[in-house]
Number of protein chains: 2
Amino acid sequence: MDLIILGQWHNLSHHFVRARNKSDILFHRTGINVAKSASKDSPRSIAREVARLILTGVWREGTTLPREIELASRFDVSRASLREALSLLKAKGLIASKQKAGTHVRARFDWNMLDEELLNWTLSALPTQEFAKQILEVRRIVEPEACAICAVRGTDEDFARIERAYRGMDAAGMDRVAYAEPDLQFHRGILIATGNDFLIAFGATVAAALRMSFDLSSTNPGAPRKSLPYHRAVLDEIWARNADGARQAMHKLMDLTEQNIVSAMSRQKKKDAEDENVRTRRTR
Amino acid sequence: MDLIILGQWHNLSHHFVRARNKSDILFHRTGINVAKSASKDSPRSIAREVARLILTGVWREGTTLPREIELASRFDVSRASLREALSLLKAKGLIASKQKAGTHVRARFDWNMLDEELLNWTLSALPTQEFAKQILEVRRIVEPEACAICAVRGTDEDFARIERAYRGMDAAGMDRVAYAEPDLQFHRGILIATGNDFLIAFGATVAAALRMSFDLSSTNPGAPRKSLPYHRAVLDEIWARNADGARQAMHKLMDLTEQNIVSAMSRQKKKDAEDENVRTRRTR
DNA sequence: TAGAAAATATGTCTGACATAATAATTCTTG
DNA sequence: CAAGAATTATTATGTCAGACATATTTTCTA
């Protein structure tokens, strides 16, 4: 049955089949690709891999996953390390364990999608079309309001920090990579200025969203820079302590972001289709 | 120096002092109270206790906490169990470890306050005045918009589920306890109907908020029931697929919730002050 | 059908060694 | 002799192995 140890999965492929009983799931070769490796920092990378299997629906909600000893041997680590990986996933609400009953995938509603790591895992594991829409929808709800609060409640030091971030973006010029960090600091600075711990925690979601935007911008390196004047507008309204203006300015920035993402994704799609074409022609 | 094992802390008190070097923090008797115990489900309750120490500022951002062996012996568990507790806190962004360097408390910005467990720990560990304000501020931002989206995008099954939750609230009558669960289902139902995984994940925050409201309502058992017509109004607008109406109705419900919390907290404060009075008079 | 017994997966403990970052030491050099 | 660079020693986390405890589930028996 070509059983493959997960630890040796590098550049191999996988699938899963129902076997003798519910929790007896085996891996064997098929045509589906698998993430590169699980080599270093075992517990975290194992958590990531298990999360991937859950997020992509290989292990659906309610599924009982293989027992710890078996998983440990598949990932080629000790049971202790595996348990640490599982406990990370427990903390993020993906799984739950009961003595003797085993470990099962929790209902989707219980997954803490606002967790930064889980967010990053998700956006590297799933096709980002639907995902991008959703994340932008939430940003559109939260960030303009946070911006309004920031304008009213923020201190001058808060504003100065955001200003510094803006200067960093400006200084980055057309350099996508250098632009990314201060961009995040800009948005995070606004959230921090609200003084609301929950809005601050939302920074993790924004970070993941910006990372996604960054990845997408590879097909259009000039796009990020275009957002600069929109950021300036937001900042000006904040300095003016104009809540409504800040809200609207941030809303416009969100509009621009949406445009960039939509166009980038259609480009991406087109590119993928072309690549696929080339590949099939080649294999013929 | 009166060193106390944490596992035996029941009804004792603690404080911490700087000792020989940075990470050498010892506990000894002072006048500050400590949570009851850490008896069952060790890793989770230990995580809770460590989280409490961090949240209350005993272990500030950047602090290097005692080494694992020492912590383990203080909590009277094996190093394995302690490590599992720490790994939960790592997953929630509270701490990070580096080999040899030790385990330190991460910056507040990195704490995932939108995590349900962490939220619950926070609201049982901290005076809830400021906390309640913040959580309500976020709800006020998110829920009305989610409600508007729900009205537009939700399916009839979604609405039916919310309707069932409403009926459950109605059926609960004046019973605070029976009212709580369908109340949560109502709000969660709206989030679920948006079809947005991130808004759905926000349900954890709402759950914690409602739990807090529930705890506060003990001083005014009739308060929850008063929200029923406001919920009905929300539901009617949703059924009518009226986005603006739904948004406004939810906004009004948030207003009411705020009133309840504010008045409950002032009552609470008054009551606490009286209790304190009685106690000091007694000890004289 | 109900209750008792067996099986089994997670939970916990112990002790050991590996590894990497820090602290202490030695050595070199101006 | 002092300052700095390179080396060694220390130590806290990371990982491993094996064992036993405990709580459910499953199976067997009355």
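A, B, ... follow the sequence lines: proteins, then strands. Residue 1 opens every chain. Because only heavy atoms are used, hydrogens play no part in the values below, and waters and symmetry mates are left out as well, while side chains stay in.
- Remark: the backbone N or O of B:V50 is not paired with any side-chain donor or acceptor of B:W121 at under 3.5 angstrom.
- Side-chain atoms of B:R176 come within 3.5 Å of backbone N or O of B:F214 as a donor-acceptor pair.
- Scanning atom types as modelled, one donor and one acceptor separated by under 3.5 angstrom connect the side chain of A:R79 and the base of C:dG11.
- Taking side-chain N and O atoms only, B:S42 has no distance below 4.0 Å to OP1 or OP2 of C:dG11.
- Taking atom CD of residue B:E68 and atom P of nucleotide C:dT19, one finds them 18 Å apart after rounding to whole Å.
- Contact annotation: B:S81 side-chain N/O to C:dG11 OP1/OP2 distance is not under 4.0 Å.
- Within residues 89-100 of chain B, the residues that place at least one heavy atom under 4.0 Å from DNA chain C are, in residue-number order, B:Q99, B:K100.
- Note on A:T103: every side-chain N or O is 4.0 Å or more away from OP1 and OP2 of C:dA9.
- Within the 3.5 Å criterion, the main-chain N or O of B:R60 finds a donor-acceptor partner in the side chain of B:T63.
- One atom, CD1 of A:I69, and another, C1' of C:dG11, lie 12 Å apart when rounded to the nearest Å.
- B:E61 places a side-chain N or O within 3.5 Å of a backbone atom of B:R108 that can act as its donor or acceptor partner.
- To the nearest angstrom, C1' of C:dT12 lies 15 Å from CD of A:E84.
- Electrostatic pairing of A:R161 and A:E157 does not count as a salt bridge here, judged by no charged N lying under 4.0 Å from a carboxylate O.
- Residue B:R83 has its side chain nearest to D:dG14 when only D:dG14, D:dC16, C:dT10 are considered.
- Taken over five-pair windows at either terminus, the axes of the helix from C:dT1-D:dA30 to C:dG30-D:dC1 are inclined to one another by 0° (rounded to 10 degrees).
- Here the straight-line distance linking atom CG of A:L119 with atom NZ of A:K92 works out to 10.5 Å at 0.5 Å rounding.
- Rounding to whole angstrom units, NE2 of residue B:H104 and C1' of D:dT13 are separated by 12 Å.
- Checked by atom type and distance alone, the side chain of B:Q134 pairs as donor or acceptor with a backbone atom of A:D197 at under 3.5 Å.
- As rounded to whole Å, 10 Å separates atom P of D:dC16 from atom CG of A:L82.
- No side-chain donor-acceptor contact under 3.5 Å links B:D110 to the backbone of B:G93.
- B:D158 places a side-chain N or O within 3.5 Å of a backbone atom of B:T155 that can act as its donor or acceptor partner.
- Here D:dT25 presents its P atom at 17 Å from CZ of A:R67, a figure rounded to the nearest Å.
- Residue A:L71 contributes atom CG, which lies 12 Å from atom P of C:dA9 at whole-angstrom precision.
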